[in-house]
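See structure below.
Convention: sequence-line order gives letters A, B, ...; per-chain numbering from 1.
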Protein chains: 2
Amino acid sequence: MEKQTITIYDVAREAGVSMATVSRVVNGNPNVKPSTRKKVSEVIERLDYRPNAVARGLASKKTTTVGVILPSVTNLFFSSLARGIDDIASMYKYNIILANSDESHEKEVQVFNTLLANQVDGIIFMGQNVSESIRKEIERTSTPVVFAGTLVDNPEYYSVNIDHTVATKEITAELLEHGRRVVLVTDEPKFLTSQHRLEGFKAAYEEKGVEFDEDLVIQQSLRYTDADKVLEELQTLKADSVIVKEDTFAAALMNAALDAGFKVPDDLEVITSDNSIVTEIVRPKLTSIQQPLYDIGAVAMRLLTKIMSNEEVEEKQVILPYKIKHRGSTLHTE
Amino acid sequence: MEKQTITIYDVAREAGVSMATVSRVVNGNPNVKPSTRKKVSEVIERLDYRPNAVARGLASKKTTTVGVILPSVTNLFFSSLARGIDDIASMYKYNIILANSDESHEKEVQVFNTLLANQVDGIIFMGQNVSESIRKEIERTSTPVVFAGTLVDNPEYYSVNIDHTVATKEITAELLEHGRRVVLVTDEPKFLTSQHRLEGFKAAYEEKGVEFDEDLVIQQSLRYTDADKVLEELQTLKADSVIVKEDTFAAALMNAALDAGFKVPDDLEVITSDNSIVTEIVRPKLTSIQQPLYDIGAVAMRLLTKIMSNEEVEEKQVILPYKIKHRGSTLHTE
DNA sequence: ATGAAAGCGCTAACAG
DNA sequence: CTGTTAGCGCTTTCAT
């Protein structure tokens, strides 16, 4: 037998007031006489009444819930952003529905629609890139969407990122300055991050006046097990330094190099881009572009709260500052 | 101006049928003539109608949503369980609300109640231990709760775990067999996992007939930065082998040892317990108790689906098998 | 400051 | 196979 759910009506009856008054008390509406507020509160306590958020959502057409789409909960880059999102959401009294997209565009669309069906007040989207299909869904809805740690080219979209072009250019230039032969490893060329990084990479070469060779870019899936293959290519290219996009892959690549007898950083410098805990766990520690992961998430969520409450937003595309964190996987400490 | 939300009523009117029929079509109820089903489907398509899950939840009193509470999204142990939970949930058409408890008992209670307010059909709880306050909440509600990767002593609670006592005993016995002086590092003694592990640890010593010394157990917070302190204690204890609970801490401890000039595994063997990706990233790789992380989550979710649909459940407390994965941080490959 | 009443969008008997 | 009719539990005008 089910526990009888007690409703706002039960409270009203017990307290000898109307549902409306109970509603006001629950929602902190000031237009209630202190004495009746007290009376109602006592009944709520006694009956252990808990407002039904679903009914509330239906009646008010607001759920105070935001959906967060991320490729994988086990990906440290995105889950670090999620922490920032979560903290700011609690701060503004929003609930979070975290939805895994499994790095599949199909599932992205599916979870996006599930979130809309559940009447979320806003959505934060994270992914490696933004597919045509998710774009279409975004156009269809009036629910606001903010991209976190996810580059978009459409200037109408809200997003929070660092400037990967500038960051990649800076670290590349620094390595070139030290006379190294620098190679860039990116994943799929159609991803905007790959393009931005490549742009910065090229710019550094050109500014230095060194001839830029397309061969210096390795386009490669960044799966852990592909490290050996990439290492071979690096040998062929006689690379001294390699800039990698993702921490786990950078670690795998460095380990492959070490296992093959390379000295890191002497024979090969390894630079990564997420600055997750992995950079500190490996030996030598990994030099990394230091992205403000928590802040990217936090700022994205704050931005979303502004949009949801129709506040003025100055900048649709927020660029946050980065740093270069020098560790043992590179020779120079700057 | 808002986009006019179109409702089941609009579809009914356009298609010249009743709301009930539209509802049947949407829910795949077989009692609809194919021709009208087709007609309704077309209108749904044309109007781009999307059922409102909130209204549905209110009317049916089921949300097909389960809440998942975990201490932190950036904790690889729990996020790996979450993957298993998520997969099985999708398989059974349940939505997931992932809620962060920030490793705080207070926040646990808070998110638990938020989930209940949102009328989730069930809850999966993960945490380092189960507080008195969360117990009280569980008693108050009729919503089913399953514990995943989280030990509970109450035999009425549903849970999925490995047997930490047996696992710890096995690895301890093996190390003792090789004549090592084995030390156990646990966190708070009040945690059940600590108690189970200690039990297995002791049992191995006693079975071996070696005198057991309470000093061989280090109770210590497992924060990354405390590794140096633990290393000192290990030196004092003249430990040859150390069994650690958590991968990241194990890595930190091993690194501290390496940085201090120890040879791993010759001078010090390090054994950890989660078998997350971290064990493969460090050098030497970490020997670990191999918990079936994904499966623990998957089985917990499957268990919950059974409870939610009132199916028969044989065993409330499920124990899954583990293995010992030998890697470079220990001397013997068994 | 409080109450009455009309929905929010949908499901679920029940009737036919 | 289809329609009618109550609600689900709450918010929100609109009166008073």
Contacted region of DNA chain C by chain A, from 5' end to 3' end of the hits, cut-off under 4.0 Å to heavy atoms, spans C:dA1 to C:dG9
Just grab all the salt bridge (Lys or Arg N to Asp or Glu O under 4.0 Å) pairs involving residues 59-88 of chain B, residues at least two apart or on different chains.
A:K107-B:D86
Please enumerate all residues that pass side chain to side chain donor-acceptor pair (under 3.5 Å) together with B:E108, with sequence neighbours excluded.
B:H105
Atom CZ of A:R24 and atom P of D:dC10: how far apart are they, to the nearest Å?
15 Å
Residue list, salt bridge (Lys or Arg N to Asp or Glu O under 4.0 Å) with A:E106, at least two apart or on another chain:
none
Side-chain donor-acceptor pairs of residues 22-30 of chain B under 3.5 Å, sequence neighbours excluded:
residue : atom : partner : partner atom : Å
B:S23   : OG   : B:N27   : ND2          : 3.3
B:N27   : ND2  : B:S23   : O            : 2.8
B:N29   : OD1  : B:N31   : N            : 2.8

Using whole Å, what does the distance between atom C1' of nucleotide D:dT2 and atom CG of B:N27 come to?
15 Å
Looking at B:E45, I'd like to know if its CD atom is crowded, meaning that more than 12 non-hydrogen atoms belonging to other residues, nucleotides or ligands lie closer than 6.0 Å.
no
Contacts of B:E315 meeting salt bridge (Lys or Arg N to Asp or Glu O under 4.0 Å) (sequence neighbours excluded), chain-then-number -> none
So A:S23, base contact, sugar-phosphate only, or nothing? Heavy-atom distance under 4.0 Å.
base
Under 4.0 Å, heavy atom to any atom of DNA chain C: which of residues 33-42 of chain A qualify?
A:K33, A:T36
Does A:V17 reach a base, just sugar-phosphate, or nothing at all? Heavy atoms under 4.0 Å.
sugar-phosphate
My understanding is that only residues two or more places apart in sequence, or in another chain, count here; which of them pass side-chain contact (heavy atoms from CB on, under 4.5 Å) with B:T63?
A:V54, B:T65, B:Q119, B:D121
Checking B:K93 now: which residues fulfil side-chain contact (heavy atoms from CB on, under 4.5 Å) with it, not counting sequence neighbours?
none
With sequence neighbours left out, what residues match B:E137 under salt bridge (Lys or Arg N to Asp or Glu O under 4.0 Å)?
A:R50, B:R140
Among all residues two or more places apart in sequence or in another chain, which pass the ring pair (Phe, Tyr, Trp, His ring centres under 6.0 Å) test with B:F125?
B:F147
Every protein N/O within reach of nucleotides 7-9 of chain D N/O, cut-off under 3.5 Å:
residue : atom : partner : partner atom : Å
D:dC8   : O2   : B:L58   : O            : 3.4
D:dC8   : O2   : B:A59   : N            : 3.1
D:dG9   : OP1  : A:T5    : OG1          : 3.3
D:dG9   : OP1  : B:K61   : NZ           : 3.0
D:dG9   : N2   : A:A55   : O            : 3.3

